[in-house]
Structures are given as C-alpha cells and as structure tokens.
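This report refers to the structure that appears directly beneath it.
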Amino acid sequence: MRARRGRRPIRPRTVVLAGVAWLLAAVFLLPYLEMVVTALRPADELRDAGYLPHHFAWSNFVGVWRDSTLGGNLRVTLLVAGGSTVLALLVALPAAYCTARVRYRGRRLFLLLVLVTQMFQPTSLLVGLYREFYRLVMLNSVWTLILCNAAFNLAFAIWILTAYISAIPVELEEAALLDGLGRLGALRRVVLPLAMPGVVTAVIFTFISAWNEFVMGLTLSTEPGSQPLTVGINSFIGNYTVEWNYLFAGSVVAIVPVVVLFALIERHVVSGLTAGSVK
C-alpha cells in the first residue's frame with residue numbers, strides 16, 4: 001500500500017496573501033457594518049462616540065416604512081430595474097447575435113458606435129429627455145424610467161454579448177441547423193446556453209446600474225410615490241436636519257435585494273464559466 005502523502009506545508013507567501021485578502025475584505029466591509037450599526041441606533045445616540053449603541057432600535061426599520069414613501073419607492077425601483085433588464089436583453093440578444101454571426105458592411109463601425117454611446121452620461125441628455133417625455137405626457141411614469149435605463153445600458157449589453165457569441169464555434173450552430181433546428185431554435189438551444197456567462201454579466205450590470213440610478217429618477221419623476229428608491233432615500237436629507245437613523249435604515253433596505261440577486265446568480269456564473277461546449 002502506498003503511504004499517504006502528508007499535507008503540503010503552508011508557504012509563508014500564502015499566509016501573507018491570505019492575510020492581505022482578509023484585511024482588504026475587512027476594509028471594504030467596514031462601511032457596510034457602520035451603516036447597519038447606525039441604522040439600529042436610537043435617535044438620541046446618533047452623536048455618541050461609542051461604536052455600538054447601548055441598545056438596538058429595531059423600530060427604525062418600522063418607522064422608515066411607516067413615516068415615508070419608502071415602500072412605494074422600493075416597488076418602483078424593482079419594476080424599473082427588472083423591466084429595464086428584461087427590455088435591454090430582449091433587444092441586445094438579437095443585435096449581438098446578428099453582429100457576431102453576420103459579416104455585413106459597416107459591422108466594425110456599428111460596434112464602434114455602440115461603444116461610443118456608452119461614453120455619454122445621462123446628465124448630458126437630461127434636458128432633452130425631460131422635454132421629450134413632457135411632450136409625450138410620460139413624466140412620473142415607471143415606463144419612462146424603464147425605457148431610459150434600458151437605453152443607457154443597451155450598449156454594454158450588446159458589446160459583451162457580441163464578444164461571448166463570437167467565441168462560440170459556429171460549427172455547433174451549423175450542426176444544430178443540420179439536425180432540423182431553425183435559426184431561432186439554434187439561438188435558443190445552442191448559442192444562448194453557451195453564452196450564459198455573458199448573459200449573466202449583462203443582467204448584473206444592467207440591474208445594478210438601474211437600481212443605483214439617481215439623476216434620471218430625480219428629474220423625470222417629481223411625485224414622491226413615483227420616484228425610485230435612491231431618490232426616496234435622499235428625502236431624509238433636509239435643509240437643516242438629516243434623519244441619519246432613517247437614512248441608514250433605508251440604505252440597508254436598498255442593498256438587500258442586490259445582495260440576494262448576487263447570492264442567487266453567483267452559482268450560475270461559476271457553472272457557466274466552467275462548463276464546456278463539448279462533453
């Protein structure tokens with residue numbers, strides 16, 4: 001019988017790298033910990049020097065829902081982030097597939113224009129957007145925010161999906177066509193599963209971008225009930241006072257859906273990156 005191999009000795013370099021990694025993680029997580037602690041502070045302990053409050057005020061989370069429009073703002077943000085993500089993917093997938101598979105004249109120019117549009121900031125177009133939606137009587141509408149967020153994230157989705165689809169061997173798609181699948185069937189059953197890492201990347205980028213958007217929501221939605229969550233949280237900052245406990249409680253509520261999204265989608269990212277096209 002072969003002797004069992006002993007455990008490999010831990011190298012000092014590994015220990016140092018692990019220590020640096022844990023230190024960096026602590027540095028990045030410290031602001032979030034401070035946000036949670038402040039969200040649980042009573043109003044009369046906000047200026048205390050101690051890091052932890054004497055008792056945790058869970059009523060801050062009840063009060064932020066009862067005394068504000070945060071619930072409606074959260075609903076608007078969920079609709080806007082989800083709707084703009086779906087709309088952007090519905091448009092980006094056919095555009096990326098056509099760009100990756102069809103060698104038409106002006107293809108490089110199209111990709112360059114797509115990349116250039118990503119450089120435009122929403123703030124530079126706010127006046128024009130406001131005038132157009134005012135004429136269309138679409139201010140204070142969830143659909144307005146969905147269209148704007150989908151449009152501003154469409155360029156990145158097309159670019160990243162084009163790169164992933166181009167890396168998929170065209171022979172796999174040709175084999176599917178020979179088996180009787182049409183172009184749409186080959187896209188749905190062959191190309192799309194293999195391009196899932198790109199789809200997941202586009203979903204994450206579009207959803208997070210729409211979730212964190214502030215300027216368009218502040219400009220195109222003036223009624224408190226129709227504003228997204230980022231604008232609703234900003235309402236706790238007044239001209240003379242700041243309701244820090246409600247502000248941080250609302251911020252904790254705002255990051256929970258994003259954390260849940262990453263927890264649900266992370267395994268799909270890993271499986272998509274490690275899966276091969278041929279088994």
Side-chain angles (χ1 to χ4, degrees), residues 32 35 38-39 60-92 117-158 202-262:
Y32 296 97
M35 177 179 63
T38 307
N60 287 339
F61 290 95
V62 178
V64 77
W65 286 96
R66 182 186 64 239
D67 303 334
S68 68
T69 61
L70 195 69
N73 301 140
L74 178 60
R75 180 183 63 84
V76 170
T77 300
L78 286 172
L79 291 175
V80 170
S84 59
T85 301
V86 172
L87 181 59
L89 284 180
L90 287 177
V91 178
T117 57
Q118 190 68 22
M119 301 178 185
F120 289 101
Q121 294 296 323
T123 52
S124 63
L125 303 175
L126 274 179
V127 176
L129 288 174
Y130 183 87
R131 292 181 62 182
E132 292 299 325
F133 286 115
Y134 176 80
R135 292 174 180 175
L136 295 173
V137 196
M138 291 184 62
L139 296 178
N140 299 309
S141 173
V142 174
W143 289 106
T144 300
L145 298 179
I146 290 176
L147 290 173
C148 290
N149 282 283
F152 279 105
N153 292 291
L154 184 60
F156 177 83
I158 292 176
V203 166
I204 292 176
F205 180 88
T206 305
F207 187 89
I208 299 300
S209 178
W211 186 273
N212 294 330
E213 204 286 319
F214 175 76
V215 178
M216 284 191 299
L218 180 65
T219 306
L220 301 177
S221 298
T222 56
E223 297 178 358
S226 64
Q227 292 175 332
L229 189 59
T230 51
V231 182
I233 293 176
N234 189 62
S235 64
F236 296 119
I237 303 176
N239 293 329
Y240 303 102
T241 59
V242 179
E243 298 177 275
W244 291 108
N245 49 347
Y246 284 176
L247 178 66
F248 282 93
S251 300
V252 172
V253 172
I255 68 172
V256 168
V258 179
V259 174
V260 172
L261 173 65
F262 271 95

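The figures here come from the full heavy-atom set of this structure, side chains too, leaving out hydrogens, waters and symmetry mates. Note that the numbering runs from 1 along the sequence shown for the chain.
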Requested in this report: Go through the steps for Leu90 and Val86 under the test side-chain contact (heavy atoms from CB on, under 4.5 Å), then give the verdict.
Outcome: CA-CA 6 Å; Leu90 287 177; Val86 172; 3.9 Å; yes
Report task. Could you give me the CA-CA distance, side-chain angles and deciding distance for Leu247 and Ile233, then say whether side-chain contact (heavy atoms from CB on, under 4.5 Å) is met? Result -> CA-CA 6 Å; Leu247 178 66; Ile233 293 176; 3.4 Å; yes
Query - Verdict with supporting geometry, Thr222 and Asn140, side-chain hydrogen bond (donor to acceptor under 3.5 Å, both in side chains) - result: CA-CA 6 Å; Thr222 56; Asn140 299 309; 3.2 Å; yes
Requested in this report: Assess whether side-chain contact (heavy atoms from CB on, under 4.5 Å) is satisfied between Tyr246 and Ser68, documenting all intermediate values.
Outcome: CA-CA 9 Å; Tyr246 284 176; Ser68 68; over 6 Å; no
Report task. Evaluate the criterion side-chain contact (heavy atoms from CB on, under 4.5 Å) for residue pair Ile255 and Met35; output intermediate values, then yes/no. Result -> CA-CA 11 Å; Ile255 68 172; Met35 177 179 63; 3.4 Å; yes
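Residue Cys148 is tested with Leu220, Leu125, Val80 for a side-chain contact (heavy atoms from CB on, under 4.5 Å); the sole match is Leu220. The side-chain contact (heavy atoms from CB on, under 4.5 Å) test with Ser141 singles out one residue from Leu139, Thr144, Val137, and that residue is Thr144.
Rounding to the nearest 0.5 angstrom, the gap separating the OG1 atom in Thr85 from the CH2 atom in Trp211 is 10.5 Å. Note that the CG atom of Leu136 and the CH2 atom of Trp143 stand 15.5 Å from one another [nearest 0.5 Å]. Between the CG atom of Asn73 and the CG atom of Leu78 there is a distance of 11.0 Å, given to the nearest 0.5 Å. Here the CE atom belonging to Met216 is positioned 5.5 Å from the CZ atom belonging to Phe152, to the nearest 0.5 angstrom. Taken to the nearest 0.5 Å, the CG atom of Leu147 stands 5.5 Å off from the CE atom of Met138. Atom CG of residue Asn60 and atom CH2 of residue Trp65 lie 14.5 Å apart, to the nearest 0.5 angstrom.
Taking every heavy atom of both residues into account, Val76 and Gly225 meet most closely at CG2-O, 3.7 Å. Contact record, Leu145 with Asn149: O-ND2, 2.7 Å, taken as the closest heavy-atom pair. Here the shortest heavy-atom pairing between Leu79 and Ile146 reads O-CD1, 3.7 Å. The shortest heavy-atom contact between Leu87 and Ala150 is CD2-CB, 3.7 Å. What you find for Leu89 and Ala202 is that their closest heavy atoms are CD2-CB, 3.9 Å.
Around OH of Tyr134, the count of heavy atoms belonging to other residues, nucleotides or ligands within 6.0 Å does not exceed 12.
The main-chain N or O of Ser221 is found under 3.5 Å from a side-chain atom of Gln227 such that the two form a donor-acceptor pair. Put simply, the side chain of Ser209 never gets that close to the backbone of Thr206: no donor and acceptor are under 3.5 Å apart. Using a distance-only test at 3.5 Å, with no hydrogens or angles considered, no donor-acceptor pair links the side chain of Thr38 to the main chain of Phe248. A donor-acceptor contact shorter than 3.5 Å links the side chain of Thr230 to the backbone of Glu213.
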